[in-house]
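In this text, all values refer to a predicted model and were calculated from it rather than measured experimentally. In the text below, chain A, chain B and the rest are named by the order of the sequence lines, each starting its count at 1.
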2 protein chains.
Amino acid sequence: MTIYDISKKAGVSIATVSRVLNGSSNVKPRTRKKVLDIIEQCGYKPNAFARGLGLNSMKTVGILCADASDLYLAKAIYYIEQNLRENGYNSVLCCTGYEIPSRKKCLNLLLSQHVDSVIMVGSNFIMNNAEDNKYVIEGAASVPIMLLNADFDCPNVYCTLCDDYKATQDATECMLDAGIKNILYLYNSTTYSGLKKLAGFQNALLTHDIPLRKEYQQCFPGSREDIDGVRDFVDKLYKEGLKFDGIVTSEDFLAIGAMNFAKANKIDVPGKLQIVGYNNSILAHCSEPNISSIDNRLEDMCIQLVKTLIGTLNQNEMPQKTIFSGELIKRGSTNF
Amino acid sequence: MTIYDISKKAGVSIATVSRVLNGSSNVKPRTRKKVLDIIEQCGYKPNAFARGLGLNSMKTVGILCADASDLYLAKAIYYIEQNLRENGYNSVLCCTGYEIPSRKKCLNLLLSQHVDSVIMVGSNFIMNNAEDNKYVIEGAASVPIMLLNADFDCPNVYCTLCDDYKATQDATECMLDAGIKNILYLYNSTTYSGLKKLAGFQNALLTHDIPLRKEYQQCFPGSREDIDGVRDFVDKLYKEGLKFDGIVTSEDFLAIGAMNFAKANKIDVPGKLQIVGYNNSILAHCSEPNISSIDNRLEDMCIQLVKTLIGTLNQNEMPQKTIFSGELIKRGSTNF
DNA sequence: ATGAAAGCGCTAACAA
DNA sequence: TTGTTAGCGCTTTCAT
């Protein structure tokens with residue numbers, strides 16, 4: 001069933017059918033109705049390939065993300081896909097893993113599929129090293145590239161992010177103000193966003209005239225799945241004599257690991273130890289007491305990202321950078 | 001840069017370039033090399049739309065899932081996407097939500113995009129009601145449909161699932177054999193798979209000559225995000241006087257909620273209460289002690305599903321149904 | 001082993 | 001308001 005069949009049955013030309021299909025105003029209402037009826041009757045659906053070939057667009061955007069099974073990234077994908085579909089765009093998903101060559105390959109794959117844009121979900125797409133970011137610039141030469149949670153200055157690259165620096169600083173200051181003296185900062189990534197969080201932590205201490213101590217900034221080397229590993233990691237620090245009465249983390253899974261460490265050692269939370277997570281994910285609800293966690297307004301970011309994207313595709317001038325501020329959601333793992 | 005440009009530069013016809021591109025054997029090695037060199041040199045990539053138009057396939061499969069942010073579904077999507085890409089297929093994702101009309105709409109959207117196949121991820125795509133399953137049959141008329149974790153008899157529909165019935169039965173029997181008398185079964189869905197699990201639980205009791213008591217089979221009405229709600233739900237049952245020393249659940253979030261209930265009431269796990277989860281997700285690691293959970297071999301299922309799909313698309317005869325068996329992963333929340 | 005040419009189904013410029 | 005027609009870039013059949 002093609003546009004030719006419909007035109008024949010309706011006794012009009014294919015151009016008219018095409019006009020009806022595309023909602024052109026230059027069609028007599030009666031003709032429109034006749035065509036529409038036939039289309040309905042035949043259950044005709046235009047061929048997306050042919051349309052794509054003509055318009056050089058299939059109304060599709062590529063979503064690149066390291067790992068769609070990651071709690072945080074999965075939520076982002078969910079929000080983004082829904083918003084895109086509401087705007088008439090389909091989503092082609094590519095899970096790249098964390099290696100650069102594989103990312104380049106995925107990006108090229110998407111570009112060769114002629115997606116209208118590429119969304120990179122997660123701060124891990126931007127490195128601290130110009131060489132490794134070249135693929136983004138190259139990609140932006142073909143289509144607009146949208147970054148979620150990353151910051152990168154380049155024409156045709158649009159960033160939507162949360163001020164992780166300030167959010168972490170605020171949370172740390174809350175803790176300091178509550179009288180916590182020895183705060184352990186637990187993190188697991190040195191992406192752009194990861195470093196921002198760390199800097200926020202450091203700045204909070206400096207603002208309070210507290211010297212930075214290296215042993216109070218610990219990078220957990222394991223994976224996000226390895227909560228037991230986090231527990232053991234903190235346990236080891238504790239057994240080695242590190243004294244801490246507060247833990248600020250860069251992700252909820254670290255906070256849960258810390259919580260399990262406390263439980264295993266019968267350390268009262270929040271009485272003797274206060275814990276703050278990041279992302280406000282479901283993990284923050286997995287312990288008793290629940291974990292205070294920084295919400296970085298993922299849904300708002302995703303909505304905004306899609307809005308910016310659609311604007312860009314419609315040739316509107318859109319802001320290159322949109323920054324949200326995070327917010328500490330206070331729960332039972334803290335006293336303040 | 002099109003096939004014409006390449007053919008001109010190489011001094012051959014477009015047909016020859018096309019042959020080279022598609023690995024046809026009928027090309028003289030020297031010609032092939034010449035063309036390949038030019039292609040390489042120009043960084044030429046064939047236009048996917050044009051190819052799609054000619055072949056009526058863009059090597060793309062649609063993935064339908066209710067909610068890509070659900071822990072379990074997200075993992076499935078991750079595995080499936082990777083396997084598909086390794087086989088040269090792209091994935092178009094559609095998150096449908098849990099309502100039937102929206103599912104139909106998404107399915108039609110994918111079909112109108114001429115995907116080569118549709119994968120439905122999650123047991124919730126098949127209802128206990130023929131009328132509501134009609135859209136699957138209709139879809140199967142156009143392309144092969146792959147179901148993950150659901151069972152549906154229909155030509156051109158292929159199922160890959162886990163024997164949830166047996167897995168739940170086995171876990172329940174383990175508990176009974178360990179001397180647990182009053183087992184509460186906590187579930188949250190009445191999909192095909194949900195009912196199978198429930199039946200497995202019931203059958204275990206019957207096998208041990210224990211009468212079924214309605215109040216020991218409780219359906220949590222809230223969402224998967226609402227772990228606090230689960231805790232309160234169990235707490236209410238407890239406060240109302242229900243006595244139980246074991247809880248078998250249909251999903252890990254229910255188990256975590258039960259665990260938090262125990263913690264809040266200072267009930268020793270596994271001393272006074274034993275808990276079993278389902279899915280063996282990260283949530284099973286979120287409490288201290290960790291939660292024993294049934295692993296339904298999601299990755300194996302996804303790999304098999306893609307294998308079956310690729311076989312089908314290559315016109316091989318493939319089994320309509322593949323069933324895996326689950327396995328209880330024993331951790332600290334149980335004594336057996 | 002290679003080339004010419006006919007589609008694939010649609011959009012859009014141009015003509016009427 | 002409607003129709004005619006030339007592409008879009010590729011695959012494939014049929015000649016050679």
Under 3.5 Å: donor-acceptor pair, side chain of Thr16(B), backbone of Val12(B)
no

Ionic contact status for Arg224(A) with Asp70(A), cut-off 4.0 Å:
yes

Distance-only criterion, 3.5 Å: show the donor-acceptor pairs between side-chain atoms of residues 41-49 of chain A and protein atoms not counting sequence neighbours.
| unit_1 | atom_1 | unit_2 | atom_2 | d |
| --- | --- | --- | --- | --- |
| Asn47(A) | OD1 | Phe49(A) | N | 2.6 |
| Asn47(A) | OD1 | Ala50(A) | N | 3.1 |

Output yes when a side-chain donor or acceptor of Ser112(B) lies under 3.5 Å from a complementary backbone atom of Leu110(B), and no otherwise.
no

Side-chain (Asp5(B)) to main-chain (Thr2(B)) donor-acceptor, under 3.5 angstrom
yes

Leading and trailing nucleotides of DNA chain D with any atom under 4.0 Å from heavy atoms of chain B:
dG9(D) to dT13(D)

Report, one line per pair, each donor and acceptor closer than 3.5 Å where one atom sits in a side chain of residues 88-97 of chain A; sequence neighbours left out.
| unit_1 | atom_1 | unit_2 | atom_2 | d |
| --- | --- | --- | --- | --- |
| Asn90(A) | OD1 | Gln113(B) | NE2 | 3.3 |
| Thr96(A) | OG1 | Arg103(A) | NE | 3.4 |

Evaluation steps, side-chain hydrogen bond (donor to acceptor under 3.5 Å, both in side chains), between Tyr72(B) and Asn296(B)
CA-CA 11 Å; Tyr72(B) 185 74; Asn296(B) 55 8; 2.9 Å; yes

When every nucleotide of nucleotides 1-11 of chain C is labelled 5' to 3' by its protein contacts under 4.0 Å (heavy atoms), B for base, S for sugar-phosphate only, - for none, what sequence of letters results?
SBBBB--BBBB

So if I take the C1' atoms of five pairs at each end of the helix from dA1(C)-dT16(D) to dA16(C)-dT1(D) and get each local axis, what angle do the two axes make, rounded to 10 degrees?
40°

Identify, with sequence neighbours excluded, every residue that meets salt bridge (charged side-chain N to carboxylate O under 4.0 Å, His left out) alongside Arg51(A).
none

Exam field: side chain Asn83(B) to backbone Val306(B), donor-acceptor pair closer than 3.5 Å
no

Taking 4.0 angstrom as the limit, do Arg85(B) and Glu81(B) come out as a salt bridge?
yes

